[in-house]
2 protein chains.
Amino acid sequence: MSPTSTDATTDASTDLGTAATAPAAAPSPDEVGSAAQRERRKRILDATIALASEGGFDAVQMRSVAERADVALGTLYRYFPSKIHLLVSALGREFDKAEQGLRGRPVPGETAAERVITILKMLSRGLQADPHLTEALTRAFMFADSSATAEIHRVGMTMTSMLSRALHPDLVDVGELGEEDVAITKVIGDVWLSALVGWVTGRSTAADTAHQIEVAVSLLLRD
Amino acid sequence: MSPTSTDATTDASTDLGTAATAPAAAPSPDEVGSAAQRERRKRILDATIALASEGGFDAVQMRSVAERADVALGTLYRYFPSKIHLLVSALGREFDKAEQGLRGRPVPGETAAERVITILKMLSRGLQADPHLTEALTRAFMFADSSATAEIHRVGMTMTSMLSRALHPDLVDVGELGEEDVAITKVIGDVWLSALVGWVTGRSTAADTAHQIEVAVSLLLRD
DNA sequence: GTCATGATAGGAACACGTTCCACCTCGTCC
DNA sequence: GGACGAGGTGGAACGTGTTCCTATCATGAC
């Protein structure tokens with residue numbers, strides 16, 4: 001309830017980050033509950049994405065989501081305790097989708113820097129193709145507090161996993177990354193996030209964002 | 001009009017700062033209006049800081065601010081068009097204060113990395129001394145959209161100025177920084193912001209934050 | 001079949017950001 | 001002094017996130 005509680009997950013910093021402690025295979029939220037419940041959950045997230053895509057953060061109104069998902073408002077709140085949770089969960093699902101699209105296929109590029117930039121550009125292109133959706137999800141991510149730690153963590157893990165595979169294409173497990181590589185991954189994630197926020201809030205253009213990331217990567221991976 | 005300074009910070013992307021259109025020496029908001037108006041403005045910002053410091057973002061309620069500043073709600077909205085503007089303006093004032101406290105005094109430290117870390121640690125300590133206030137101001141900063149560009153810009157400039165002086169203590173004007181140094185400054189600012197968000201939202205501890213910044217700085221300034 | 005139990009529907013109610021309106025106050029100009 | 005107008009006051013009202021309550025529905029135990 002009170003967002004001040006120091007909860008778990010704190011020992012390993014999360015940020016966009018460290019996949020350090022895998023939370024012992026938490027059951028994916030898509031796998032719990034009855035079939036009807038999974039179906040409702042999916043409808044809710046679909047409605048969320050649709051509304052976000054149409055009008056951004058402000059357009060994702062809980063009453064609208066409930067109506068479009070054909071679910072009562074109280075039910076919506078039973079599934080997602082707040083608008084922020086709802087949007088961060090949606091973000092998690094989208095991120096997962098993106099990661100699965102990339103998985104398997106090797107990342108093109110000779111050097112680590114090239115591959116990382118490639119990955120980030122692909123991600124950015126995907127996001128910029130749907131500005132409203134991106135705005136909604138990013139805002140939610142930035143506004144989430146510790147009560148959404150679990151969802152945030154999933155997103156961070158996915159990001160780490162994508163970047164890691166770009167850094168070292170032959171690595172199987174993220175845990176095998178060296179300390180410095182983990183740090184680099186984290187910094188790049190931070191820059192990416194900041195750039196994204198700048199873009200979402202209209203403070204910088206898409207070109208700015210891309211340039212900012214390229215510069216950061218070239219500073220960090222100059223070998 | 002103004003002497004063309006061709007400084008690097010304006011054309012490049014923004015990160016914490018540079019809005020696309022530099023507002024050409026806008027008169028500081030503390031210098032406009034009648035004495036009574038400046039006084040009202042100050043009372044409003046004081047009330048904002050006080051409430052934020054007591055209970056964070058949620059405690060800064062427009063009705064409360066108006067009441068504590070002894071001002072009508074409509075007047076409050078005449079001075080600051082939204083809660084976000086209000087908080088970002090307050091952030092700007094606080095940041096200015098911090099920067100003025102640092103100005104003049106040389107930053108201790110042998111290497112650039114040491115000095116940058118020192119500055120950031122001082123900043124972080126200041127922020128962590130008042131978590132509620134920090135939470136309120138950071139949330140606002142992250143949530144601000146382009147309508148608050150001017151205020152955001154002030155904050156970004158201040159940050160850049162502080163970091164620049166740490167990088168090159170003898171520099172007089174920020175515009176003299178080399179391209180790479182500007183880029184480094186920006187990346188560090190990004191990491192700092194991300195770390196701050198992580199801390200504010202309860203996703204990471206103060207120690208995490210400090211460590212995260214140190215690692216980033218040492219990666220970026222390893223000469 | 002009946003019943004108990006938990007989930008859902010439907011909707012009222014509340015809190016807070018924001019807008020709007022009617023009226024008042026005070027400095028300025030004639 | 002009186003009229004004017006910008007800016008201030010007090011408060012009602014609206015929208016949206018959130019909470020809460022009651023009736024209805026579904027499902028498994030017996």
Side-chain angles (χ1 to χ4, degrees), chain A residues 1-3 29 32-45 47-48 51-52 54-90 135-137 139-145 147-148, chain B residues 29 32-45 47-48 51-52 54-90 132 135-137 139-145 147-148:
Chain A
M1 301 283 181
S2 74
V32 300
S34 70
Q37 284 170 330
R38 284 199 301 273
E39 177 57 31
R40 266 195 203 90
R41 189 187 154 88
K42 177 177 182 312
R43 281 208 313 275
I44 292 173
L45 288 178
T48 303
L51 286 168
E54 287 166 22
F57 188 87
D58 289 342
V60 180
Q61 300 183 1
M62 301 305 270
R63 289 173 177 85
S64 308
V65 172
E67 188 181 2
R68 190 177 291 218
D70 205 28
V71 139
L73 190 55
T75 305
L76 173 53
Y77 273 95
R78 171 182 295 269
Y79 279 75
F80 302 94
S82 77
K83 175 171 174 172
I84 295 296
H85 281 81
L86 173 59
L87 280 167
V88 175
S89 299
E135 185 251 3
L137 300 183
R139 279 246 153 87
F141 187 87
M142 295 284 80
F143 215 71
D145 63 4
S147 74
Chain B
V32 300
S34 70
Q37 283 171 331
R38 284 200 300 274
E39 177 57 31
R40 264 196 206 91
R41 190 188 153 86
K42 178 177 180 313
R43 280 209 312 274
I44 292 174
L45 289 178
T48 303
L51 286 168
E54 287 167 20
F57 187 87
D58 290 341
V60 181
Q61 301 184 359
M62 300 306 270
R63 290 174 177 84
S64 309
V65 172
E67 188 182 2
R68 189 177 292 217
D70 205 27
V71 138
L73 189 56
T75 306
L76 173 54
Y77 272 94
R78 172 183 294 269
Y79 280 75
F80 301 94
S82 78
K83 174 170 174 172
I84 294 296
H85 281 82
L86 174 59
L87 281 167
V88 176
S89 300
H132 282 146
E135 184 250 4
L137 299 182
R139 280 245 153 88
F141 187 87
M142 296 283 81
F143 215 70
D145 63 5
S147 74

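So you know, we letter chains A, B, ... as the sequences are listed, proteins then strands, and number each from 1. Predicted model only: the values in this text are computed from it and were never measured.
Between A:A36 and B:V60, the residue anchored nearer the 5' end of DNA chain C, judged by the nucleotide with its closest heavy atom, is A:A36.
More than 12 heavy atoms of other residues, nucleotides or ligands sit less than 6.0 Å from atom CD of A:E54.
Of the candidates C:dC16, D:dG17, C:dT8, C:dT8 carries the atom nearest the A:Y79 side chain, counting heavy atoms from C-beta on. In the set C:dT8, D:dG10, C:dC16, D:dG10 carries the atom at the smallest distance from any side-chain atom of B:A72. When each of C:dA9, D:dT9, C:dC16 is scored by its nearest atom to the side-chain atoms of A:V71, the top-ranked nucleotide is C:dA9. When the nucleotides D:dG17, C:dG17, D:dG8 are ranked by their closest atom to the side chain of A:M62, D:dG17 comes out on top.
Checked against a 6.0 Å centroid threshold, the rings of B:F143 and B:F57 do not count as neighbours.
Taking atom CG of A:D58 as the reference point, atom C1' of D:dT16 lies 10 Å away to the nearest angstrom. As rounded to whole Å, 16 Å separates atom P of D:dG15 from atom CD of A:E67. Rounded to whole Å, atom C1' of C:dC14 lies 13 Å from atom CD of B:Q61. In this structure, the CG atom of A:L51 is 11 Å from the P atom of D:dG17, given to the nearest Å. Between the C1' atom of D:dG7 and the CZ atom of B:R78 lies a distance of 5 Å, rounded to the nearest Å. Note: CZ (B:F57) to P (C:dC16) measures 13 Å, nearest angstrom. Rounding to whole angstrom units, CG of residue A:D70 and C1' of C:dT8 are separated by 11 Å. Atom pair B:L76:CG and D:dG8:P shows a separation of 11 Å (rounding to whole Å applied).
One finds no salt bridge joining B:R63 and B:E67 here, because no Lys/Arg side-chain nitrogen approaches an Asp/Glu carboxylate oxygen to under 4.0 Å.
Across every non-hydrogen atom of B:A52 and B:A136, the tightest pair is CB-CB, 3.7 Å.
Residue B:Y77 has no polar side-chain atom (N or O) positioned under 4.0 Å from OP1 or OP2 of C:dC20. Contact annotation: B:Q37 does not reach the phosphate of D:dA6 (side-chain N/O to OP1 or OP2, under 4.0 Å).
A donor N or O paired with an acceptor N or O is found under 3.5 Å between the base of C:dT18 and the side-chain atoms of B:R63.
Atom CE in A:M62 sits 11.0 Å away from atom CG in A:L51 (nearest 0.5 Å).
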